[in-house]
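See below for the structure under consideration.
Hydrogens, waters and symmetry mates are skipped; everything else that's a heavy atom, side chains included, is used. Just follow the structure's listing: the first ligand is 1, and inside any ligand the first atom is 1. Numbering starts at 1 and runs along the sequence shown.
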Amino acid sequence: MPLRGQDFLSATRATGFDAFTGVPCSYLTPLLNAVLNVSRDASDATAVSHESALVRYVGATSEGEAVGIAAGMWLAGRQPVVLAQNSGLGNMVNPITSLLAPLRIPVLLVVTWRGQPGTHDEPQHALMGQLTEPLCDLLRLAPERVPDDLERLVEILERARDRASQTRASSALILPDGVIAPEALVPAVPRGPTAARAWNDGCAGPLPTRAACIAALLDAAPSDAAFVATTGKCARELYTLADGPRNLYVVGSMGCASAVALGVALHTSRRVIVLDGDGAALMKLGNLATIGATAPPNLVHVLLDNGVHDSTGGQPTAAGGAVDFAAIAAACGYRFAARATSAAGLAAALLASADDTGPAMIHVRTSPGSLPGLGRPRVAPDVVAARFREFLQ
Ligand SMILES: Cc1ncc(C[n+]2csc(CCOP(=O)(O)OP(=O)(O)O)c2C)c(N)n1
């Protein structure tokens with residue numbers, strides 16, 4: 001007898017997992033529908049409060065983004081679950097190896113098993129079907145198959161929870177076809193278009209350095225704000241200018257900083273300021289749509305646009321200084337979209353963004369280059385993650 005999606009969800013929540021994100025797979029439909037149905041009930045009852053929702057499901061644009069969001073959820077005190085198709089394992093490898101592993105952030109992955117050997121499936125799933133278990137094994141995810149028996153499922157979930165709390169290790173459950181019975185989805189009300197308030201500092205003059213921009217933000221931000229910095233010299237500059245527990249240095253997983261910040265922002269009332277690069281933002285541009293759709297009021301996305309991959313030697317990005325990130329953010333549903341070309345303008349935009357309810361984008365043009373003699377964080381990434389999590393409690 002297949003399990004009901006509701007039973008799977010109840011068992012997951014009873015074991016302590018309390019935040020969900022992912023990308024659909026047809027095998028996951030009953031489980032996703034159970035999560036979405038509960039999640040909508042919860043958000044109806046608590047229209048503006050992200051924190052009191054019984055269950056929150058964030059639909060991501062890629063499985064890699066989902067891992068970033070889940071990491072942020074954990075940093076904000078949750079026990080997150082990522083629901084994904086095994087085709088998406090490729091998209092997840094980078095944030096699993098360069099975000100979850102070094103920062104020791106435990107996430108439970110529920111990965112479907114398209115192309116399971118011995119079953120009939122489409123050709124595009126055949127190879128990944130064979131690789132699913134060994135790949136999860138290689139990624140140190142201690143994969144276990146989801147049984148169609150509730151008691152055994154609870155035991156597996158408890159093992160994953162204990163691994164998470166005792167060793168901060170992530171786990172994977174592999175979900176074969178037919179283990180969960182079908183369930184209908186309560187249709188969502190379509191989202192209408194939103195308007196963003198435009199803001200411009202109107203400055204003309206030499207562009208500021210990234211370090212001057214970070215210093216201006218550190219001065220202007222509320223003292224209880226959290227900072228999430230993208231990989232490369234941006235995080236190293238934040239560390240050099242003002243290391244402390246309110247900073248998270250996203251040392252790898254290029255493009256995931258805004259996803260991590262979203263996962264945090266949805267579960268804290270503090271302001272969360274993410275320092276992104278133009279190269280990193282372009283690598284996971286879908287993140288902007290997810291931020292617009294989930295619209296956390298306390299998230300400020302600062303895009304430090306030097307037009308180059310400064311951290312790897314200054315090669316031009318596809319933005320090349322010509323992409324209008326404020327316009328993209330506005331079109332994705334951000335409520336405030338600012339353009340700045342000076343450090344003072346950036347600080348003023350941060351203050352102005354506080355008047356709006358919803359995610360803010362501040363696109364600031366900067367010159368390439370970094371602080372001379374730039375250091376590297378001497379605090380281990382897992383310690384940075386632990387102290388950041390404690391700061392957020
Ligand atoms: C998936 C992945 N690809 C490539 C890299 C190498 N890399 C590290 S930082 C960086 C450049 C980032 O550019 P941008 O986001 O514009 O920030 P900037 O260095 O200009 O501050 C690159 C390509 C990486 N860490 N991860």
Can you give me every donor-acceptor pair (side chain of residues 365-379, partner residue at least two apart or in another chain, under 3.5 Å) with its distance?
residue, atom, partner, partner atom, Å
S367, OG, P208, O, 3.3

Compile the donor-acceptor pairs under 3.5 Å between side chains in residues 219-228 and protein atoms, sequence neighbours left out, one pair per line.
none

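- Salt-bridge check for R4 with D7: passed, with a basic side-chain N closer than 4.0 Å to an acidic carboxylate O.
- For the atom pair CG of D148 and CD1 of I180, the computed distance is 10.5 Å after rounding to the nearest 0.5 Å.
- Ring pair W199/F336 is tilted by interplanar angle, where 30° to 60° counts as tilted.
- In this structure, ligand 1 sits under 4.0 Å from heavy atoms belonging to N94, R210, M254, G277, D278, G279, A280, M283, N306, V308, H309, D310, S311, T312.
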Donor-acceptor list for residues 316-325 side chains, cut-off 3.5 Å, not counting sequence neighbours:
residue, atom, partner, partner atom, Å
T317, OG1, D278, OD2, 2.7
T317, OG1, G307, O, 3.2
T317, OG1, A319, N, 3.2
T317, OG1, G320, N, 3.2
D324, OD1, A326, N, 3.4
D324, OD1, A327, N, 3.1
D324, OD1, R339, NE, 3.2
D324, OD1, R339, NH2, 3.2
D324, OD2, R339, NH2, 3.0

